[in-house]
Structures are given as structure tokens and as C-alpha cells.
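The structure under discussion appears below in the form of C-alpha cells.
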Amino acid sequence: QVQLVESGGELVQPGGSLRLSCAASGGTFSTYTMAWFRQAPGKERAFVAAINWSGREAYYGSSVEGRFTISRDNAKSTMYLQMNSLEPMDTAVYYCARQTRPFGGTRLGPNQYDTWGQGTQVTVSS
């Protein structure tokens, strides 16, 4: 059974950058679409970005498009989220997730993801 572990979250000032990582182990990574979601205090979990199995297709939520970049390295079974121009509204716990079935699209809802990491905290504050 695949396990996902996020890392890279920390406190950063507005306008700053961070790169999150999601390392997969114990299962197949390279044939699955992966995604990042986030959950702010008192709010529902929200979609951030998804990347298809090959890395050639990415899809972003409207609030992060142009500021965040999702990528993956299948040889390392790792996915990344480069976050630039961070704003206080980006403060949240960030989760990575793997889709239920291989070779899925990037625009599927959260109920199509069945494997989740434990999350990493990102705080944007001066």
C-alpha cells in the first residue's frame, strides 16, 4: 500500500517562496495522477493543483494559477509544489494525494483520490 509523506512547510513572509515535496513509498507512483489540496482553519479542504502521470499535463485552482507550479519526478517517486508570491490567504495545511485509479485526468474531484499524506503546515505571515 502506497504511503505519502509531505515536507517543506514552514513560516514564510508575504511575497516569499516555498517548495513542498511529497514522497511516495510502498506502491506505484509513476502511473497515477497526483494532486495537492489545502485546508485552512475553519474551512473545507480545497483543490490546489494536479499533475498527470507523465507530468505533461497540469491543472491549477484559480487562486494559485500563475503563482504555484506543480511537478513530479517519477524516478524519485516524488511530487513537488513550488509556491511563489505567497500571501496570507495561502496559510493552510497542504496535503498530497494519489488518485484511486491509474492514468486518470487532472480535473477530477477529491473523491477520486483515495491515498492522502498527513499534511504539512504552511504559514504566511509577517
Side-chain angles (χ1 to χ4, degrees):
Q1 183 176 355
V2 67
Q3 292 186 320
L4 304 176
V5 178
E6 303 95 335
S7 61
E10 62 181 65
L11 172 64
V12 62
Q13 291 191 341
S17 297
L18 277 179
R19 188 175 84 153
L20 305 183
S21 298
C22 171
S25 63
T28 304
F29 174 84
S30 63
T31 58
Y32 286 80
T33 290
M34 300 290 296
W36 289 97
F37 291 81
R38 67 186 182 185
Q39 188 165 20
K43 296 189 176 180
E44 305 235 333
R45 191 169 295 189
F47 172 78
V48 175
I51 187 166
N52 80 330
W53 66 275
S54 68
R56 294 192 184 99
E57 179 184 331
Y59 178 61
Y60 296 90
S62 58
S63 63
V64 307
E65 192 160 18
R67 300 187 298 124
F68 291 10
T69 303
I70 190 170
S71 62
R72 65 190 295 161
D73 184 338
N74 284 344
K76 296 182 178 179
S77 296
T78 302
M79 175 178 66
Y80 306 97
L81 185 68
Q82 177 66 43
M83 305 187 294
N84 298 329
S85 303
L86 283 161
E87 304 170 1
M89 71 171 198
D90 297 314
T91 295
V93 177
Y94 284 70
Y95 299 90
C96 66
R98 192 190 80 164
Q99 278 190 359
T100 303
R101 294 184 176 86
F103 306 113
T106 56
R107 303 191 179 212
L108 302 181
N111 59 351
Q112 298 300 317
Y113 294 83
D114 64 351
T115 303
W116 297 80
Q118 84 290 345
T120 186
Q121 175 71 48
V122 172
T123 303
V124 185
S125 175
S126 55

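- Residues satisfying the side chain to side chain contact (heavy atoms under 4.5 Å, CB included) test with Asp73, not counting sequence neighbours, are Ala75, Lys76, Tyr80.
- Residues near Leu11 contribute nothing to a hydrophobic cluster around it, because no ILVMFWY side-chain heavy atom sits closer than 4.5 Å to its side chain.
- Among residue pairs with one or both ends in residues 16-112, those qualifying as disulfide bond (SG atoms under 2.5 Å apart) are Cys22-Cys96; sequence neighbours excluded.
- Residue pairs meeting the salt bridge (Lys or Arg N to Asp or Glu O under 4.0 Å) criterion with at least one partner in residues 29-40, sequence neighbours excluded, are Arg38-Asp90.
- Gln121 is linked by a side-chain hydrogen bond (donor to acceptor under 3.5 Å, both in side chains) to Thr123, counting only residues two or more places apart in sequence or in another chain.
- The two residues Ala40 and Ala92 have their closest heavy-atom pair at N-CB, 3.8 Å.
- Listed by chain and residue number, Thr78 satisfy the side chain to side chain contact (heavy atoms under 4.5 Å, CB included) test with Ala23 (two or more places apart in sequence, or in another chain).
- For Glu87, the CD atom is densely surrounded, since the number of other residues' heavy atoms within 6.0 Å is greater than 12.
- In this structure, Val2 belongs to a hydrophobic cluster whose other members, linked by side-chain heavy atoms under 4.5 Å apart, are Leu4, Val12, Leu18, Leu20, Phe29, Met34, Trp36, Val48, Ile51, Tyr60, Val64, Phe68, Ile70, Met79, Leu81, Met83, Leu86, Tyr94, Val122, Val124.
- Taking every heavy atom of both residues into account, Ser126 and Pro14 meet most closely at N-CD, 3.7 Å.
- Residue pairs satisfying the side chain to side chain donor-acceptor pair (under 3.5 Å) criterion with at least one member in residues 47-58, sequence neighbours excluded, are listed as follows: Asn52-Ser54, Glu57-Thr106.
- Looking at Arg98, its side chain never comes within 3.5 Å of a backbone N or O of Thr115 through a donor-acceptor pair.
- Note: Asn74 CG to Thr31 OG1 = 8.5 Å, rounded to the nearest 0.5 Å.
- Sorted by first and then second residue, the side chain to side chain donor-acceptor pair (under 3.5 Å) pairs involving residues 12-28 (not counting sequence neighbours) are Ser17-Asn84.
- Put simply, the side chain of Thr69 never gets that close to the backbone of Gln82: no donor and acceptor are under 3.5 Å apart.
- Within the structure, salt bridge (Lys or Arg N to Asp or Glu O under 4.0 Å) contacts touching residues 117-126 (residues at least two apart or in different chains) do not occur.
- Among residue pairs with one or both ends in residues 105-126, those qualifying as ring-ring contact (aromatic ring centres under 6.0 Å, His included) are Phe37-Tyr113, Phe37-Trp116; sequence neighbours excluded.
- Considering only residues two or more places apart in sequence or on other chains, Val5 meets the side chain to side chain contact (heavy atoms under 4.5 Å, CB included) condition with Gln118.
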